[in-house]
Amino acid sequence: MRVDVFTIFPDYLAPLELSLIGKARGTGALDLRATDLRDFTHDVHRTVDDTPYGGGPGMVMRPEPWGQALDTVLTPSSLLLVPSPAGRRFDQAMAHELALEEHLVFACGRYEGIDQRVLSHASGVCRVQEVSLGDYVLFGGEVAVLVVLEAVTRLLPGVLGNADSLLEESHAAGLLEAPMYTKPAEWRGHGVPEILRSGDHAKIARWRRDQALLRTAQQRPDLLKQCYDTLDKRDLATL
Ligand SMILES: COC(=O)COc1cccc(COC(=O)c2cn[nH]c2)c1
């Protein structure tokens, strides 16, 4: 997968080298390029923003630098993602969708946002999707790119050592994950649920499923509602 990120803070994406993404780049699963939007300005101050038409506080990102920057990468098979409070809510399902894409382009907005004509123009070339991490406002889209790219990259083939962990993790089967334990068996007076040390894999699987159901019912009843019709009689007996 090829990923292009345009931002006025390209160094912001340096942490991606450290995490799994550095590994994914090593395996060739991910070809990531961060480009400074100011490279597409032509004035001495490398200006990327200006005052909003219609007045109001703050500044808006000018269309020209964005137009020239996106011209260098967008093709009909690209998906342009714009982190924004107004976007589609990012979740594991969307992460799986994005992991199937061949070319993602992120436009990191700052200030009050990007001139709307940039998105309108781009939608004549490729698919454009505003994406939201949640109902709050950040200084810019860079943080969202770190989150989206980590969630997507770990789904790429060959990136996670043990692909099975993708199946068990929270939000994979729609339920939260069961609690996990490791050595020592006794720690500050706290033991480990006996069943996990029984070696009876069928019972352990059942216990984990029950814990996942109970945990989801308690912490995220909204998720339980979503996957209710996938539950079998044994599951319902637990609830
Ligand atoms: C058309 O879209 C734009 O212009 C986007 O512009 C901006 C402006 C300021 C901040 C951001 C970053 O996104 C968020 O704050 C955000 C994402 N998820 N939840 C909060 C983006």
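Start at 1 and go down the list; that is how both ligands and their atoms are numbered. Residue indices begin at 1 and follow the sequence shown.
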Exercise for the section: Indicate the ring-plane relationship of Phe6 and Trp66, choosing parallel, tilted or perpendicular according to the 30° and 60° boundaries. Expected result: perpendicular
Problem - Greater than 12 external heavy atoms within 6.0 Å of His103's NE2 - result: yes
Completion exercise
Among non-hydrogen protein atoms, atom 19 (N) of ligand 1 lies closest to Gly134 O, 3.0 Å
Problem - Sub-4.0 Å atoms of ligand 1 with respect to non-hydrogen atoms of Gly140 - result: 10 (C), 11 (C), 12 (C)
Handout entry: Identity and separation of the nearest protein heavy atom to atom 18 (N) of ligand 1
Key = Leu133 N, 2.9 Å
Exercise for the section: From the options Asp71, Leu74, Thr75, select the one residue that forms a side chain to side chain contact (heavy atoms under 4.5 Å, CB included) with Val125. Expected result: Leu74
Problem - Ser84 side chain vs Ala86 backbone, donor-acceptor pair below 3.5 Å - result: yes
Practice task
Considering heavy atoms of the protein only, find what lies nearest to atom 6 (O) of ligand 1 and give residue, atom and distance to 0.1 Å.
Solution key: Gly113 CA, 3.3 Å
Practice task
For Arg38 and Thr47, indicate whether the former's side chain and the latter's backbone hold a donor-acceptor pair under 3.5 Å.
Solution key: no
Handout entry: From CG (Leu223) to CZ (Arg215), nearest 0.5 Å
Key = 12.5 Å
Problem - Same apolar cluster (I L V M F W Y, side chains within < 4.5 Å links), Met94/Leu104 - result: yes
Exercise for the section: May I ask you to identify the nearest protein heavy atom to atom 15 (O) of ligand 1, giving residue, atom name and distance to one decimal place in Å? Expected result: Leu138 N, 2.8 Å
Handout entry: Numbered atoms of ligand 1 (with element) below 4.0 Å of Val137, judged on heavy atoms
Key = 15 (O)
Practice task
Examine Leu30 and Val152 and state if one hydrophobic cluster contains both, with Ile, Leu, Val, Met, Phe, Trp and Tyr joined whenever side-chain heavy atoms are less than 4.5 Å apart.
Solution key: yes
Problem - Protein heavy atom at shortest distance from atom 20 (C) of ligand 1 - result: Tyr136 O, 2.9 Å
Fill in the blank from the handout: atom 21 (C) of ligand 1 sits nearest the protein heavy atom Pro83 O, 3.4 Å
Problem - Within-shell test, Ala144 vs ligand 1, heavy atom, strictly < 4.0 Å - result: no
Fill in the blank from the handout: The closest protein heavy-atom partner of atom 4 (O) of ligand 1 is Ile114 N, 2.8 Å
Handout entry: Tyr181 atom OH, neighbour heavy-atom count above 12 within 6.0 Å
Key = yes
Handout entry: Those atoms of ligand 1 less than 4.0 Å from some heavy atom in Tyr111
Key = 8 (C), 9 (C)
Fill in the blank from the handout: Closest heavy-atom approach to atom 14 (C) of ligand 1 among Gly58, Pro85, Gly109 is made by Pro85
Practice task
For atom 1 (C) of ligand 1, grab the closest protein heavy atom and report residue, atom and distance to one decimal in Å.
Solution key: Glu130 OE1, 3.5 Å
